Amino acid sequence: MSKIPTIKATGFILATLTAIYLSGIQTVSAQEKTNLNRTVLLEKKLELSSPNINTKMIRVAFPPAFKTPWHTHEGPGPRYVVKGTLKVVEGGKANTYSAGEVFWESGELMSVENVGDDAAEIIIFELAPAK
């Protein structure tokens, strides 16, 4: 019978240490959240063409002065310029975007040109109907 109190005491100690450990994790997380800087770069309401969407995240590097042929992507979505300056012609309109800027690509016929002196990079978030 002397083992039962020892088992209960050990369980109590483990439960107490676990609670202390977990409360410490929550305190650190709360402190980290106070230093969090959240900025919405682009927001767009979107009606999806299908309940099943294939998403892709594509990184594209453009050498200096490179210009794509006219093309389309499988789906629309936000595009984020990582570095450099890109001229985007889509839907008959030309816009220039630099590092840190975001734009919405509709999926229409388009061309992209690196108009900066250095290499440029873009991240493409593509939302296409699943095949």
Side-chain angles (χ1 to χ4, degrees):
M1 287 192 183
S2 63
K3 288 186 178 182
I4 292 175
T6 305
I7 292 173
K8 286 182 180 178
T10 303
F12 175 76
I13 291 170
L14 286 174
T16 303
L17 290 174
T18 301
I20 291 169
Y21 174 75
L22 292 176
S23 68
I25 289 175
Q26 291 170 352
T27 302
V28 170
S29 296
Q31 289 173 348
E32 288 175 356
K33 287 181 183 178
T34 61
N35 296 328
L36 184 65
N37 183 8
R38 183 175 180 265
T39 304
V40 176
L41 298 177
L42 176 73
E43 183 174 336
K44 181 170 180 70
K45 292 191 188 296
L46 179 65
E47 185 174 316
L48 299 175
S49 59
S50 169
N52 298 312
I53 299 295
N54 183 37
T55 61
K56 289 182 189 175
M57 197 166 141
I58 306 162
R59 184 178 202 127
V60 181
F62 295 84
F66 182 84
K67 183 177 181 180
T68 68
W70 289 98
H71 67 283
T72 59
H73 291 135
E74 291 182 39
R79 307 324 192 210
Y80 177 79
V81 181
V82 177
K83 69 178 186 177
T85 304
L86 297 170
K87 177 181 172 185
V88 178
V89 180
E90 180 184 32
K93 295 180 183 176
N95 291 294
T96 302
Y97 303 99
S98 297
E101 293 186 300
V102 178
F103 65 95
W104 184 267
E105 183 187 316
S106 68
E108 294 180 32
L109 189 62
M110 68 174 308
S111 178
V112 179
E113 180 180 4
N114 180 354
V115 294
D117 295 329
D118 298 318
E121 290 184 16
I122 188 170
I123 301 288
I124 298 172
F125 300 93
E126 192 169 78
L127 306 167
K131 295 178 182 177

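Quick caveat: nothing in here was measured; it's all calculated off a predicted structure. Atom set for the values below is all heavy atoms of this structure, side chains included, hydrogens, waters and symmetry mates excluded.
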Could you give the side-chain donor-acceptor pairs of residues 117-131 under 3.5 Å, partners two or more places apart or in another chain?
| from | atom 1 | to | atom 2 | distance (Å) |
| --- | --- | --- | --- | --- |
| Glu121 | OE1 | Arg59 | NE | 2.7 |
| Glu121 | OE1 | Arg59 | NH2 | 2.6 |
| Glu126 | OE2 | Glu74 | N | 3.4 |

Can I get a per-line list of side-chain donor-acceptor pairs under 3.5 Å for residues 81-93, giving both atom names and the distance, sequence neighbours left out?
| from | atom 1 | to | atom 2 | distance (Å) |
| --- | --- | --- | --- | --- |
| Glu90 | OE2 | Ser106 | N | 2.9 |
| Glu90 | OE2 | Ser106 | OG | 2.8 |
| Glu90 | OE2 | Gly107 | N | 3.2 |
| Glu90 | OE2 | Glu108 | N | 3.4 |

Cluster check Leu109, Val112: I/L/V/M/F/W/Y, side chain < 4.5 angstrom: no
Results of side-chain hydrogen bond (donor to acceptor under 3.5 Å, both in side chains) for Glu105 - residues two or more places apart only: His73, Arg79
Members besides Val115 in its Ile/Leu/Val/Met/Phe/Trp/Tyr cluster (side-chain heavy atoms under 4.5 Å): none
Pairs where residues 85-108 contributes a residue and the test ring-ring contact (aromatic ring centres under 6.0 Å, His included) is met, not counting sequence neighbours: Tyr97-Phe103
Shared hydrophobic cluster, Met57 / Leu41 (ILVMFWY, side-chain heavy atoms < 4.5 Å): yes
Cluster overlap Ile53 with Leu46, hydrophobic side-chain contacts below 4.5 Å: yes
Heavy-atom pair with the smallest gap, counting every atom of Thr68 and Phe62: CG2-CE2, 3.7 Å
Test side-chain contact (heavy atoms from CB on, under 4.5 Å) applied to Tyr80 and Leu42, step by step: CA-CA 10 Å; Tyr80 177 79; Leu42 176 73; over 6 Å; no
